[in-house]
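First comes the structure, then the notes that go with it.
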Amino acid sequence: MLPLHGIGGRQDLPIPFGLAVTGAGIAIAVSFVILAVAWRSPKYRGASSGTPLPAGLRTAFDSSWLRWAVRVFGLALFGWAALALLAGVDRLTNPIFGFVYILVWVGLVPLSLLLGPVWRTLNPLRTLHLLACRVLRHDPRRGLLELSPRVGLWPAAVGIFAFAWLELVAPDRATLLVVQAWLSLYVVYVMFGAVLFGDRWFAAADPFEAYATLMAKLSPWGRRGDGVIVLRRPLENLDSLTPRPGLVALVAALLGSTAYDGFSRSSRWIGWSQDSGYSQTLLGTLALVGFVLFVLVTYSAATVLAGRISDSSRTRLPGLFAHSVVPIVLGYVVAHYFTLLVLEGQRTINQLSDPLSRGWNVFGTGLNGVNAGITNHTTAVATVQVSAVVIGHLLGVISAHDRAVALFPRGRALAGQLPLLVVMVAYTTGGLLLLFSA
């Protein structure tokens, strides 16, 4: 079998069935308790909320020197990884596989939770575009064409699906040629769009930036409408997420692809797909599309039905409630990739000392082993996995409840939430069962 995630799978055992059932039961029970006793008026104020940082810290964080220090670090880091990409050997000891699949794709989640939307500054493609515009004395915000607001996040949703396909489905995804081809297309896709539409294209089309920005909405860092850096409660920060075209598709691509990751580990799927006689790539692609469409259709249908029950506008509701799925996405990500980041992240950092496989030890990590002690604590790992899914579900229910009481008529707010609650419970129960079957 090809390695999962391009380089390997998590090393923990499947979670006990009893723990999965317990987690699902807690999620369902507490969800209805929240609806029964929670607040009757909205508590979150989104972009208008937050405690401003002291003036000195705000000045330092917004300073040009700090931004350029982060940009230079990003260029240096990705430039070093590019050595492995362009001149490294085509073996799994090449750190580019772990760098792309683990440190960037998985690592940007804790990075964004801790530091907020720092990827926007760290993004090397943004920096290269900015430097080119400085040399040409061109405003980076301007392109050859005007980017229509209708584009929204649709290009980023396509990019998220494309990376999920590379990571989980593509044949020979653990080979240098495949990774080189995908990253080449990604760079052309993003940079050519930036030339056409200016730097707004990065937020609309770069899958890594869109993903990081979404996860950063669950960090305590934010900006008020007047641009002041503030500290917020994470769910209040999440409430500031602005609905845009393609936001629902982006969230569906993230949740659906992570669910497919768990499904693709199940023994039934592995056995059936290998014995079916059909192409593994074709079956994997169809299954991935199916999971993404399932999330997109069930979520959209639930919000539209909620609008009907509550006698509210139905067309805008999927985008207005999309923020409530973000904690569920985070719970899935933590449950599926926690040990992968811990174990393969160590291995990748060690390998980065020798990007060309010539026996270098530039950063002094080349001779380090991987501390796999976490694999001796399977109960603790299983508890983390179940807790991540359940807590993500509960935070999603709370976010949806606060938005519902803000949008729906008072007498129908609780009833209007039921379709979305049912769908959220299904996502959580399904996620736990996928972890159990892995």
Side-chain angles (χ1 to χ4, degrees), residues 5-7 70-90 94-108 111-112 117-136 138 140-145 147 151 153-170 172-214 246 250 253-254 257 348 352 355-356:
H5 308 288
I7 61 171
V70 175
R71 290 178 183 130
V72 170
F73 174 76
L75 281 180
L77 177 63
F78 285 88
W80 185 258
L83 285 177
L85 176 68
L86 301 176
V89 298
D90 194 6
N94 188 324
I96 192 59
F97 302 114
F99 186 83
V100 172
Y101 293 128
I102 306 300
L103 296 188
V104 174
W105 184 244
V106 181
L108 63 79
L111 179 71
S112 300
V118 69
W119 184 265
R120 180 183 175 90
T121 306
L122 192 64
N123 187 344
L125 297 187
R126 264 192 183 271
T127 302
L128 292 174
H129 177 259
L130 178 60
L131 290 173
C133 289
R134 291 283 181 93
V135 171
L136 298 174
H138 179 75
R141 295 170 297 180
R142 295 178 55 192
L144 301 177
L145 301 173
L147 184 63
V151 172
L153 292 168
W154 282 106
V158 172
I160 290 288
F161 180 85
F163 186 84
W165 182 85
L166 169 72
E167 180 195 22
L168 301 173
V169 178
D172 299 324
R173 55 190 176 271
T175 61
L176 199 55
L177 181 61
V178 170
V179 175
Q180 287 172 340
W182 193 95
L183 290 178
S184 297
L185 292 174
Y186 157 72
V187 171
V188 171
Y189 176 63
V190 174
M191 295 301 284
F192 184 69
V195 172
L196 288 180
F197 303 111
D199 62 6
R200 293 181 181 87
W201 179 252
F202 291 101
D206 189 329
F208 301 107
E209 182 165 322
Y211 187 19
T213 302
L214 203 61
L250 177 67
L254 288 169
S257 61
T348 302
L352 279 172
L356 303 182

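Every value quoted in this text rests on a predicted model; they were computed, and no experiment measured them.
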Phe99 vs Asn94 side-chain heavy atoms within contact, under 4.5 Å: no

Non-hydrogen side-chain atoms of Leu128 and Leu75 separated by less than 4.5 Å: yes

Side chain to side chain donor-acceptor pair (under 3.5 Å) partners of Trp105, counting only residues at least two apart: none

Residues that Arg134 engages under side chain to side chain donor-acceptor pair (under 3.5 Å), provided they are two or more places apart: none

Shortest non-hydrogen contact from [X] toward [Y]:
{"X": "Gly74", "Y": "Pro124", "answer": "O-CB, 4.4 Å"}
{"X": "Arg142", "Y": "His138", "answer": "O-NE2, 2.9 Å"}
{"X": "Ala84", "Y": "Pro95", "answer": "CB-CG, 3.9 Å"}
{"X": "Pro140", "Y": "Cys133", "answer": "CA-SG, 3.7 Å"}
{"X": "Thr127", "Y": "Thr121", "answer": "OG1-O, 3.8 Å"}
{"X": "Ala156", "Y": "Pro207", "answer": "O-CB, 4.1 Å"}

OG1-CG distance between Thr348 and Leu103, expressed to the nearest 0.5 angstrom: 5.0 Å

Atom pair CG (Asp90) and CD1 (Ile96), whose distance is rounded to the nearest 0.5 Å: 12.0 Å

With Leu153 via side chain to side chain contact (heavy atoms under 4.5 Å, CB included) - residues at least two apart: Arg244, Leu247, Leu250

Residues in side chain to side chain contact (heavy atoms under 4.5 Å, CB included) contact with Leu177, at least two apart in sequence or another chain: Gln180

Side chain to side chain donor-acceptor pair (under 3.5 Å) partners of residues 188-210, not counting sequence neighbours, each pair once: Asn123-Asp206, Asn123-Glu209, Arg126-Glu209, Tyr186-Asp206

Pairs meeting criterion side chain to side chain donor-acceptor pair (under 3.5 Å) with involvement of residues 71-82, two or more places apart: none

Verdict with supporting geometry, Leu214 and Leu254, side-chain contact (heavy atoms from CB on, under 4.5 Å): CA-CA 11 Å; Leu214 203 61; Leu254 288 169; 3.7 Å; yes

Residues Val100, Phe163; criterion side-chain contact (heavy atoms from CB on, under 4.5 Å); working and verdict: CA-CA 10 Å; Val100 172; Phe163 186 84; 3.7 Å; yes

Aromatic ring pairing Phe202/His129, orientation class (parallel under 30°, perpendicular over 60°, tilted between): perpendicular

Working for side-chain contact (heavy atoms from CB on, under 4.5 Å), residues Leu125 and Phe78: CA-CA 10 Å; Leu125 297 187; Phe78 285 88; over 6 Å; no

Leu122/Phe73 under side-chain contact (heavy atoms from CB on, under 4.5 Å): CA gap, chis, key distance, verdict: CA-CA 8 Å; Leu122 192 64; Phe73 174 76; 3.8 Å; yes

